[in-house]
2 protein chains.
Amino acid sequence: MRPVCPPTAMKSEIACNQCPLRALPAFASVTPEQRDFIQGMKVRERSVPAQAPVLRQGDKRSELYTLLTGWAFRYQTLADGRRQILNFLLPGDFIGLQGNLLDVERTGVEALTDVTLCVFPGDALWPLFRAHPELGFDVTWLCAHEKLLVDDNLVSVGRRSALERVAMLLIHLFKRVRALGLADGDSVPFPLTQHHVADALGLSLVHTNRTLRRLHAMKMLHLERGRLTLGALASLQSLADYEARELEDRPLI
Amino acid sequence: MRPVCPPTAMKSEIACNQCPLRALPAFASVTPEQRDFIQGMKVRERSVPAQAPVLRQGDKRSELYTLLTGWAFRYQTLADGRRQILNFLLPGDFIGLQGNLLDVERTGVEALTDVTLCVFPGDALWPLFRAHPELGFDVTWLCAHEKLLVDDNLVSVGRRSALERVAMLLIHLFKRVRALGLADGDSVPFPLTQHHVADALGLSLVHTNRTLRRLHAMKMLHLERGRLTLGALASLQSLADYEARELEDRPLI
DNA sequence: TTACCGCAATATCAAATGACATATGCGGCG
DNA sequence: CGCCGCATATGTCATTTGATATTGCGGTAA
């Protein structure tokens, strides 16, 4: 639970030229003109508390978001309640493209922690492409990049053992969080419950627990009070046959 | 290895304004100007025989393709040979975006049948965005649409039983093929072996066979000599908790 | 023809994973 | 202070799925 901000701190809608994300080495720089255009599209910020929906399955031509702070995830549910988490969203990720481009939103997005979002109107996308093709290109990049995440997760769920899957998810998240400068040595914040891990990996809750315990017993990880510590990253990686390379220079809209 | 075409057969390169795909109701129309621009990007056609690679994992900034005829699939393999098919490609699908935009191609593409491709140079993408933002928008649409396919497959592999998975894949492919006007009543061509089905659904070959036999015994499908017949589409759909809606008006680059 | 090869089909057995029951610990809240 | 709800942990057993081996069939090449 994040501390409640006093009203004075509350009002700080961040201008794009002071966006703390842009300062990170992970993100590519933009020209002042591009930045101003993005700033002009931004209509407001939005806060969503943990566990609340950001987008619902079935939403039509919804707003577009860039995640500024906090964690979220994309998921889809079946009629009987089974849920599959498709990928996790971290600061800098772009949200709502599919529902905006195609007919309706087929996947829901839920906040995992308290979250703040940069809000763009649903009809901003085409003007952006027309006025700034470079930014349209960046949107495409972000889409292709998210597809990469889903591809990787599908390989995992389809072809890796439970042990390998869990290892691969933890490595993956660890590296993404670290790329955002949020790591403290070999430990990062980790707000997922075992339920989220299970739903992301196509495992039952019980088996996820067993597998986490097993990895813990193997001294490959330490998970406690919302922090994940990966001791032997290299051996985890060879266990999972997975090497995530976090990219520098990803675009940020 | 590209097959050497005899000079006579070789010459049937199709101009975009006579492309048989564009005539289909599934595809959106383009302005003559857009069509001419696409025609100008096209450098040649390429044929790939069944089972041969179209793109290899690791290719850098490869060419871009639009699939004109035949079937292909995107896949990823692990070090020990396990293979996961991510999605199947049918005429009109755009190939190579990820490897072109991101650093390298992380997924391979293999021809399932003999295939012909419309070839665009690897550096054509940015000029396309700049000269014709509408076409850039279409590329983004195609990317988001393919992500939808991978999302759906991930839900399947993660949360559906083997029976549901097989049912859902067959419905999905049936509808896509039908949307291309290739159906003959309730039957469509079906060039996949059980091996492909297994690799797409995260199942073993043997279990895939068992499951197909079971569906056959339930009189839900008929699979023979490269043709798939779905008798009771509605009951299959409720079995799989899956309803694919094939979109009209998808863009074609 | 004959041998071979890929694909499908099937049996048997083993392993991975899921389902259910239950216990423990911890924080919020009346 | 005690109760309740949620997340984690663990045992037992059932089920699904995987591994291995074998057979048959149809195409094809020597």
Side-chain angles (χ1 to χ4, degrees), chain A residues 1-4 49-52 78 80-85 110 112-113 156-170 189-218 221-228 239-240, chain B residues 49-52 78 80-84 110 112-113 156-167 169-170 189-218 221-229 239:
Chain A
M1 184 69 67
R2 181 160 321 140
V4 177
Q51 275 102 61
L78 298 182
D80 64 1
R82 284 175 286 181
R83 180 175 75 169
Q84 176 67 40
I85 291 180
E110 182 176 314
L112 192 55
T113 65
S156 232
V157 174
R159 287 296 167 209
R160 279 189 247 251
S161 71
L163 200 70
E164 293 168 322
R165 279 183 230 185
V166 172
M168 117 105 204
L169 177 63
L170 297 185
F190 194 78
L192 316 210
T193 66
Q194 296 186 359
H195 206 100
H196 294 116
V197 175
D199 281 354
L201 298 180
L203 296 169
S204 71
L205 183 56
V206 173
H207 199 64
T208 300
N209 178 277
R210 277 197 277 256
T211 308
L212 280 168
R213 303 267 71 221
R214 195 138 72 95
L215 281 168
H216 181 85
M218 293 161 78
L221 62 87
H222 190 66
L223 198 42
E224 189 179 42
R225 271 167 300 131
R227 286 200 80 82
L228 166 68
L239 169 64
Chain B
Q51 276 104 59
L78 299 182
D80 63 1
R82 285 175 287 180
R83 179 176 76 167
Q84 177 66 40
E110 182 175 313
L112 192 56
T113 65
S156 233
V157 174
R159 288 296 167 208
R160 279 189 247 252
S161 71
L163 199 70
E164 294 168 320
R165 279 183 232 184
V166 172
L169 177 64
L170 298 186
F190 194 78
L192 316 209
T193 67
Q194 297 186 357
H195 206 101
H196 294 115
V197 176
D199 280 354
L201 298 180
L203 296 169
S204 71
L205 184 56
V206 172
H207 200 63
T208 300
N209 179 277
R210 277 196 281 254
T211 308
L212 280 168
R213 302 268 72 220
R214 196 139 72 96
L215 282 167
H216 182 84
M218 293 161 78
L221 62 87
H222 190 66
L223 198 42
E224 188 180 41
R225 270 166 301 132
R227 287 199 80 81
L228 165 68
T229 307
L239 168 64

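Residue numbers begin at 1 in each chain, while the letters A, B, ... track the order of the sequences.
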**Q.** Presence of Gln194(A) side-chain N/O under 4.0 Å of dA9(D) phosphate oxygens OP1/OP2
**A.** yes

Arg210(B) CZ to dT20(D) P, in whole Å, measures 14 Å

Taken to the nearest whole Å, CZ/Arg160(A) to C1'/dA15(C) is 20 Å

Between CG of Leu163(B) and C1' of dT17(D) the distance, given in whole Å, is 13 Å

In whole angstroms, the gap separating C1' of dT8(D) from NE2 of His195(A) amounts to 13 Å

Here the distance between atom C1' of dG27(D) and atom CZ of Arg225(B), to the nearest Å, is 14 Å

Any salt bridge linking Asp199(B) with Arg82(B)? Criterion: basic side-chain nitrogen under 4.0 Å from a carboxylate oxygen. no

Note: contacts of residues 197-206 of chain B with DNA chain D (heavy atom, under 4.0 Å) are Gly202(B), Leu203(B), Ser204(B), Val206(B)

Asn209(B) has its side chain closest, among dT10(D), dT17(C), dA8(C), to dA8(C)

Atom CD of Glu164(B) and atom P of dT16(D) are separated, to the nearest Å, by 12 Å

Rounded to the nearest 0.5 angstrom, the CZ-CG distance for Arg160(A) and Leu78(B) is 5.0 Å

Report yes if some heavy atom in the side chain of His195(B) is under 4.5 Å from a heavy atom in the side chain of Arg83(B); otherwise report no. yes

Separation between OG1 (Thr193(A)) and CG (Leu112(A)), nearest 0.5 Å, reads 7.5 Å

Flag yes if more than 12 heavy atoms outside Arg214(A) fall under 6.0 Å of its CZ atom; otherwise flag no.
no

Worksheet item: Between His207(A) and Ser204(A), is any side-chain donor less than 3.5 angstrom from a side-chain acceptor?
Response: no

Arg227(A) atom CZ is separated from dA7(D) atom C1', nearest whole Å, by 20 Å

From NE2 of His207(B) across to P of dT17(C) the rounded distance in Å is 14 Å

